[in-house]
Amino acid sequence: MKNSLRHLLQHSLAIVASEAGLSTAALTFSIERTRNPAHGDFACNVAMQAARLWGRKPREIAASIIAQLPADTDLAKVEIAGPGFINFTLAADCLTRTVLRMQDAGARYGFAAPASRPSIIIEYVSANPNGPLHVGHGRGAAYGASLANLLEAGGHQVYREYYVNDAGRQMDILAVSVWLRYLELANEIVRFPDNGYKGDYVHGIARDLRLAVGAKLHHPAAAVSHDLPLDLGQGGDKEVHVDALIARAKALLGEANYRLLFESGLKHCLGDIKDDLAEFGVRYDNWFSERSLATSGAVQRGIDTLKAAGHMFEKDGAWWFRATDFGDEKDRVVVRENGATTYFASDIAYLQNKLERGFDRAIYVLGADHHGYIARLKAVARGLGLDPNRIEIPLVQFAILYEGGERVQMSTRAGSFVTLRDLRKEVGKDAARFFYVMRSHDQHLDFDLDLAKSRSVENPVYYLQYTHARICGLFRQAAEKHLGYDPALGRAAVANLVEPAAVALLQRLMNYPEDIDIAVENRAPHLLAAALREIASLFNSFYNGTQMLVEDERARAPRLALADGVRQLLAVGMELLGVAAPETM
RNA sequence: GCGCCGGUAGCUCAGCUGGAUAGAGCACCAGGCUUCGAACCUGGUGGUCGGGGGUUCGAGUCCCUCCCGGCGCGCCA
């Protein structure tokens, strides 16, 4: 609708401008839905914009434009208002035909044609597999999954990927944490490192490991702790201490057994994460192994690419990426003095890999604490000779947990956190998914656990589900009362939808495709959530004030057609957000 | 210190490229079920859009500055 109005206006504008010998080249204008019905359906600011450029009065320009406007069957009225707005009122049947458009489009109402927009690889969560997901990860999961669905609806081809950090020091720390718990089972008590993973799940992994391999990994406590540098709690350095412990584990266990230990931690944690996310309705097309980047030579190739392009230099025995050439704050180490590649080296390879797989865009959904990555990754893209605009990095702000009015501190390492699994058990998948994406990802989220747990009825997700169930109930009632629904008659008689509440609902429904567009372009699933709530609310107003199951078929059929359209729209919309649409509650 | 994200009703938050009288939910007040699902609906109270400048026909939105809060600035991942 906006587009066709824009066409009409541009046609008219060209005539007005040429008659006055003026140019429209620098002229931009907006067409917006009005909020006030007295202003018609759409308003355009073109006359005011032109007034600024041309130095004439806005209302005079508006009058000239209207005079040249071609006739259009969708338009009932065009008028000047306020400082020079041009207000458009649509023809009545243009509005009611929304019901027909919804029926014709079916579940895809508001969606763009598949593959009509650039293809996207989107990565979300990608938490290190060294413990269970906590509620902070939940937000990234809910946002990422909903966004991926939304992008698909918006015509993007979407590929969902999880980057598994199955290499690196954090995983080694998990391995030794498991090992020490394993030794404890045989009464070999070694002081647990301050930097180790203290969560209960580590004991569980250790027990499983003991069952699986027996005493194969056993060593006396004295041999393990012999001559280790002091830990933080002993007045030493926790990093140095834990690194020494890792080295000790490798030395005592040997390559094969250390691998066994390492894999037990990885398998367990990754398996737990996969199950957790699946139960949360968060799915992936691929789980991408970080380690595979090293073994396949991708890491080396990334480094070579940067070297060949002259963006690497050697200093203090290490190899650096000259990120400052591309707008980053500082240069970044890629290969350490000891020859090991950094995590950043994997990032380079992974980005190169993603874009070379043929995706037009790569979206990284990251936590707000990773914002330093934006400049860094864009610098890498440019260094690799790729367009940095192909990378988008929406940051998900922190979810701050409150329980009993107190802020809950979270730390994976200290083992004190609320897991995503616990949250799902308490508030349910649907409420949790909706709660997470109700707000802008850019906004800090106060997650009141008490409210979410004990008074979950107040969660707006129930409003949507209730509305959906209510419409389903309506059709059950229709069948019982033998007041059937004739879709064809509904189409034929849509002009009978004249109640103010029906008109308000139809207007909102007519606008829905635009809502989807805006949500897609802004990577903002919360806008979809808001649109669904408004539509549900408008439907409930209509429903409450108008008897649906009336004897008169020509009144009943269009009302039911409208209700059916809303039902389907809500069901599809909720599915995009990962929320179930029950038929009864 | 530098950088990123915020500051909108008592609370939690919406507010697409700058548009008309700044919205919703909760809370509070007053109403609505012999009738399709009252987990609903109708109406009302409630605002220096953090402060101050600026840009212009017009600023919650853009620019500058200050204040407050969160987060980040490793040869960690």
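Below, chains carry the letters A, B, ... as their sequence lines are ordered, and counting in each starts from 1. Both backbone and side-chain heavy atoms feed into the values below; hydrogens, waters and symmetry mates do not. Everything numeric in this text was worked out from a predicted model, so none of it was measured.
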> Kindly point out which of B:C36, B:C75, B:A77 is positioned nearest to the side chain of A:Lys481?
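The answer is B:C36.
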> Side chain of A:Gln170 only, please: which of B:A77, B:G69, B:G37 is the nearest?
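It is B:A77.
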> Could you check which of B:C41, B:A77, B:C40 has an atom nearest any side-chain atom of A:Arg336?
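Nucleotide nearest to A:Arg336's side chain: B:A77.
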> Could you check which of B:A14, B:C5, B:G37 has an atom nearest any side-chain atom of A:Gln397?
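The answer is B:C5, which lies nearest to the side chain.
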> From C-beta outward on A:Thr584, which listed nucleotide comes closest to its side chain: B:C4, B:G37, B:C71?
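The answer is B:G37.
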> Please state how far atom CG in A:Asp316 lies from atom P in B:G74, giving the value in whole angstrom units.
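The distance from CG of A:Asp316 to P of B:G74 comes to 15 Å, rounded to the nearest Å.
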> Is the Lys NZ or Arg CZ of A:Arg439 less than 6.0 Å from the centre of A:Tyr436's six-membered ring, within 45° of the axis?
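Here A:Arg439 fails the 6.0 Å and 45° test against A:Tyr436.
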> The side chain of A:His371 lies closest to which of these nucleotides: B:G72, B:C36, B:C75?
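Selected nucleotide (nearest to the side chain): B:G72.
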> Determine, for A:Trp319 and A:Lys307, whether the Lys NZ or Arg CZ falls below 6.0 Å from the six-membered ring centre while staying within 45 degrees of the axis.
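Yes, A:Lys307 lies over the aromatic ring of A:Trp319.
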> Would you mind telling me which of B:A77, B:C75, B:U35 lies closest to the side-chain atoms of A:Gln547?
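Among B:A77, B:C75, B:U35, the one nearest the side chain of A:Gln547 is B:U35.
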> Of all the nucleotides listed (B:C71, B:G37, B:A14), which has the minimum atom distance to the side chain of A:Leu527?
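Per side-chain heavy atoms of A:Leu527, the pick is B:A14.
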> Taking the side chain of A:Arg439 as heavy atoms from C-beta outward, which of B:C75, B:U12, B:A77 is closest to it?
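Looking only at heavy atoms from C-beta outward on A:Arg439, the closest nucleotide is B:U12.
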> B:A20 base stacked by A:Phe85? Criteria: ring centres under 5.5 Å, plane angle under 30°.
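Yes; centroid distance and tilt both under limits.
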> Now, which nucleotide makes the Watson-Crick or G-U wobble pair with B:U12, with each of the two distances under 3.5 Å?
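Looking at the geometry, B:U12 pairs with B:A24.
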> Would you mind checking if A:Glu314 and A:Arg322 are paired as a salt bridge, meaning a charged N to carboxylate O distance below 4.0 Å?
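Looking at A:Glu314 together with A:Arg322, the answer is no, because their closest N to O distance does not fall below 4.0 Å.
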> Please report the distance, rounded to the nearest Å, between OH in A:Tyr463 and C1' in B:U12.
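Between C1' of B:U12 and OH of A:Tyr463: 18 Å.
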> Base, sugar-phosphate, or nothing for A:Asp442, non-hydrogen atoms under 4.0 angstrom?
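Contact class for A:Asp442: sugar-phosphate only.
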> Rounded to the Å, how far apart are A:Arg559 CZ and B:U35 C1'?
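The distance from CZ of A:Arg559 to C1' of B:U35 comes to 14 Å, rounded to the nearest Å.
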> Among the candidates B:C5, B:C13, B:G74, find the nucleotide nearest to the side-chain atoms of A:Gln443.
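Minimum distance to the A:Gln443 side chain belongs to B:C13.
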> So, does A:Asn522 use its side chain to make a donor-acceptor pair with the main chain of A:Ala524 at under 3.5 Å?
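It does not hold such a pair.
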